Number of protein chains: 2
Amino acid sequence: MTKPVVGSMTAMRHLNTTLVLTTLRAAPGPVRVSALMRETGLSRPTVEALVDSLGGQGWVEASEGRPQSGRRSPGRPARTYAFNARAGWVLGVDVGAHKVSACRADLRGRPAAWARRAVTPATPAADRLSAARAAVDDVMAGAADAPVLAASLATPGAVVPHRQRVLLAPALPGWDEVDFGAWAAGFLDCPLDIDNDANLAVLAEQAVGVARDRADVVFVLLGERLGAGITTGGRLLRGQDGAAGEIGYTRLPPHVRPPAGYGPLEAHVNAHAIVAMVEAELARPEVPADSPLRRRFAAGGPGDRLPALAASARDGDPAALRVLRTLCGRLAQGIAPMLLVLNPELLVLGGGVSSIGDVLRAPLSAALAEQVLFPPELELSALGDRAVVLGAVHAALARFEDTILAEITA
Amino acid sequence: MTKPVVGSMTAMRHLNTTLVLTTLRAAPGPVRVSALMRETGLSRPTVEALVDSLGGQGWVEASEGRPQSGRRSPGRPARTYAFNARAGWVLGVDVGAHKVSACRADLRGRPAAWARRAVTPATPAADRLSAARAAVDDVMAGAADAPVLAASLATPGAVVPHRQRVLLAPALPGWDEVDFGAWAAGFLDCPLDIDNDANLAVLAEQAVGVARDRADVVFVLLGERLGAGITTGGRLLRGQDGAAGEIGYTRLPPHVRPPAGYGPLEAHVNAHAIVAMVEAELARPEVPADSPLRRRFAAGGPGDRLPALAASARDGDPAALRVLRTLCGRLAQGIAPMLLVLNPELLVLGGGVSSIGDVLRAPLSAALAEQVLFPPELELSALGDRAVVLGAVHAALARFEDTILAEITA
DNA sequence: TGTGTTTCGAAACACGATTTACAAATCGAA
DNA sequence: TTCGATTTGTAAATCGTGTTTCGAAACACA
């Protein structure tokens, strides 16, 4: 749209416009012109002209009232200005094996609506897309007041950069044939980015989770599948084929073959493997018949098994603790090479298994300290099963910042 | 020095100044003003004012002569301007276990002088520093016409970011106690950066080697030691403690303990291990007494053993080929997790062992294809044992670009 | 020797930010 | 209530920077 004028006055105007706008956006509440002058280093007439212009375009709102109810100062009361976070929406969608989630958020990243739909790993690609479309329609209901400015979609598998296609998603039938760009063109009039779910989860942890202000972070997404999202220097590491962080496919000594569709390491530590470990432990003769783990494990349904393990471990049941030690040993051995290669400052554990993260933390830390030269800090995901969809929201937000903000002229 | 004025006219002047200067620097030879107008998008008066000012400061030279002897065009002959690559020097120093190298280069990165000094792994830190100082003095002899504007130093071990100290260099006595900043302050009046040798080697391959225009590259430095230099998105991956890429410390199944000071994987594949593999192969009863490998191996000294292996392999000696297959199997198994994590586009093999890289290439490619989901391209280092010191030169050059160029005002 | 083409140099112009001056609005104290 | 202090809002003058415009200069080619 705007021609790429370099070094001219209009370029400076652009710079100053986005400078003022981003300063306003970073502020928690309304800001007076004097504060903007201080923050941006610009003069009063300049700042006023810019906020006027931005106000005319709807990006900024003038709030006549008090700055923010803080201390009153002498002198003529200041008009204050605030970034209009409702000037548009961003959309995050997480298309997973078992569920599809969507979240609509304002331009500050504050969620305004959530939706989810259940699917199964066997759901055909077309139906999965329909579920995603339905979730998007849900969150967009009654939000026609402002346009969607950017959207981002999370999916398992490797997302080929710049191609909007998925590789390596053997668990989802037909998923590698979907053209997401064409799909979204039907109902979304905004840029759409596709990315791997673990990649987006690490972005979420950086934006609003436990990895705030951390540059080199590894997010391990462990549930039925195993994958990692990696940032280096604050930037996402995607790799040539979008397959960076696919540690589930790490080779293991070939005693056992993984089930079709799973990587060797993945099948060795995922939720199924944990259940199998418990069963193997319970089959040992020295485990008493009234072991808490045995009782709890028999009592619940399939969804209660991991919590049963965690509860027994919290009670100090030696059998449960042994299982956790075994699991953490395997996990540590699997991710140690990654930590050696990346030397990150923080390792975040997320995904379904992180629901029992509190009992994993100590044994995993111990196992990592043995295996890794410089072990990173270990944290549990703060965002639960919303990490991925929140990551999509923040990826869309980043797209808004990079692309849309740059096009705003004044 | 210059206050960080944002969005003011002087800021634009800065931008345009560096724009013109970098354009001139990127050009192979003298450039006319018209070409600069085209490249930068600026108008003639602006460009002329800037080159005038830059000329006054010595950064640019006006060459009255022909543009560059190319086709002559009608009209008044143009004055041409060229970046003055001799306005200063950059310095690269590689302090290794067996040798210390230095290289002085002009501001376009073209080497102007080389020097090297032999040391041993047992050389005390003070003597190693003296050798480095002597090498620097060698390359600086007779180069007092222009100042050294940036310098960079390569060392084995993990370099703690922003601390100019080395961790994890067990092979070099006292090396982790050296304060390089204080050392350099004595005779270098310019910024000095310290970095890991493999890290700098990958920079060199990106600048002038086989990795030009590649963003995600892994450089495996294999000789007596094993380390990797990694770039992701064109930027160096250093890690929290500067220990990224230290894959030599990858754990192996504990049949054998590594010698003190070596990592497990390192001791399993390095030059010593290769010699041991050959000896084990020769001890096998089915290897004939007149095997070419046996003859060549017995003939030469310690330095001729790797070439002997390579020569035998080129002749098709089955024993030599078996050794290479074994070596490449071990190596592939060791670096496969790294490639899985990073999914790079290119793997460069360098270091002492790359002298036999031609016979390693095929078996290593084959082994990697078996182990890795998306195997990268495999190339041999084009820079030999100068990769590291050239990398230091280019790191200094990058520092010049980032820091010094930004301070040039006009 | 002329014509066309390109470059050079200076003047006039446009644009944006700053500085300066002054009016407006509120608080606090007499 | 009144007046000064203090901060904000507004308008004009000023300055710095890049662009446009125009004519002169210098060379190639016919």
Side-chain angles (χ1 to χ4, degrees), chain A residues 2-20 23 30-55 60 62-81 408-410, chain B residues 2-20 23 30-55 60 62-81 408-410:
Chain A
T2 57
K3 45 184 179 270
V5 184
V6 294
S8 175
M9 328 266 200
T10 55
M12 187 177 11
R13 188 70 175 210
H14 263 124
L15 287 178
N16 288 342
T17 305
T18 61
L19 178 62
V20 166
T23 305
V31 184
R32 24 215 263 185
V33 175
S34 328
L36 278 176
M37 292 167 57
R38 222 183 325 106
E39 302 267 331
T40 62
L42 299 173
S43 67
R44 179 179 294 277
T46 305
V47 171
E48 295 211 325
L50 291 175
V51 291
D52 263 21
S53 164
L54 286 170
V60 163
S63 26
E64 279 293 340
R66 301 281 177 274
Q68 48 187 18
S69 78
R71 52 152 192 76
R72 311 204 23 68
S73 59
R76 174 173 175 169
R79 237 186 330 219
T80 60
Y81 298 88
I408 294 176
T409 180
Chain B
T2 55
K3 43 185 181 276
V5 184
V6 293
S8 174
M9 331 260 198
T10 55
M12 186 178 10
R13 188 69 180 220
H14 263 124
L15 286 178
N16 286 343
T17 305
T18 61
L19 178 62
V20 166
T23 305
V31 183
R32 27 216 263 182
V33 176
S34 332
L36 278 177
M37 293 167 56
R38 223 183 323 108
E39 302 268 330
T40 62
L42 300 172
S43 68
R44 179 177 293 276
T46 304
V47 171
E48 294 209 326
L50 291 175
V51 291
D52 265 20
S53 164
L54 286 170
V60 164
S63 29
E64 278 293 340
R66 301 282 176 276
Q68 49 186 16
S69 79
R71 51 153 192 76
R72 315 206 18 71
S73 59
R76 175 173 175 169
R79 239 187 328 221
T80 61
Y81 298 88
I408 293 175
T409 179

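Labels below follow one simple rule: chain letters A, B, ... track the order of the sequence lines, proteins then strands, and each chain is numbered from 1. All heavy atoms count here, side chains included; hydrogens, waters and symmetry mates do not. Keep in mind it's a predicted model, so treat the numbers as computed, not measured.
- Straight-line distance from the CZ atom of Arg79(A) to the P atom of dG9(D): 6 Å, rounded to whole Å.
- Rounded to an integer number of Å, the gap from CE of Met12(A) to C1' of dA14(C) is 12 Å.
- Here the straight-line distance linking atom CG of Leu42(A) with atom CG of Asn16(A) works out to 4.5 Å at 0.5 Å rounding.
- Look at Asn16(B) and you won't find any side-chain N or O under 4.0 angstrom from OP1 or OP2 of dT17(D).
- Shown here are the side chain to side chain contact (heavy atoms under 4.5 Å, CB included) partners of Ser34(A), two or more places apart in sequence or in another chain: Arg44(A).
- Ala49(A) approaches Arg13(A) most closely through the heavy-atom pair CB-NH2, 3.9 Å.
- Every residue meeting the side chain to side chain contact (heavy atoms under 4.5 Å, CB included) condition with Ala35(A), not counting sequence neighbours, appears here in chain and number order: Val31(A), Arg32(A), Arg38(A).
- Residues satisfying the side chain to side chain donor-acceptor pair (under 3.5 Å) criterion with Thr18(B), sequence neighbours excluded, are absent altogether.
- Residue Arg32(B) contributes atom CZ, which lies 15 Å from atom P of dT5(C) at whole-angstrom precision.
- Between Thr46(A) and dG16(C), a side-chain N or O to OP1/OP2 separation shorter than 4.0 Å is absent.
- Rounded to whole angstrom, the span from the CG atom of Leu15(A) across to the P atom of dA17(C) amounts to 10 Å.
- The distance between atom NE2 of His14(B) and atom P of dG18(D), rounded to the nearest whole Å, is 12 Å.
- Arg13(A) has its CZ atom 15 Å from the C1' atom of dT17(D), to the nearest Å.
- One interatomic measurement links the two molecules: CG of Leu42(A) to C1' of dT18(C), which rounds to 11 Å at whole-angstrom precision.
- At whole-Å resolution of the value, OH in Tyr81(A) and P in dT8(D) are 12 Å apart.
- Every residue two or more places apart in sequence or in another chain that forms a side chain to side chain contact (heavy atoms under 4.5 Å, CB included) with Thr23(B) is listed here: Leu19(B), Leu36(B), Glu39(B), Thr40(B).
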Provide a list of protein-nucleic acid N or O atom pairs under 3.5 angstrom, restricted to nucleotides 20-26 of chain D.
residue: dA25(D); atom: N3; partner: Arg76(B); partner atom: NH1; Å: 3.4
residue: dA26(D); atom: N3; partner: Arg76(B); partner atom: N; Å: 3.2

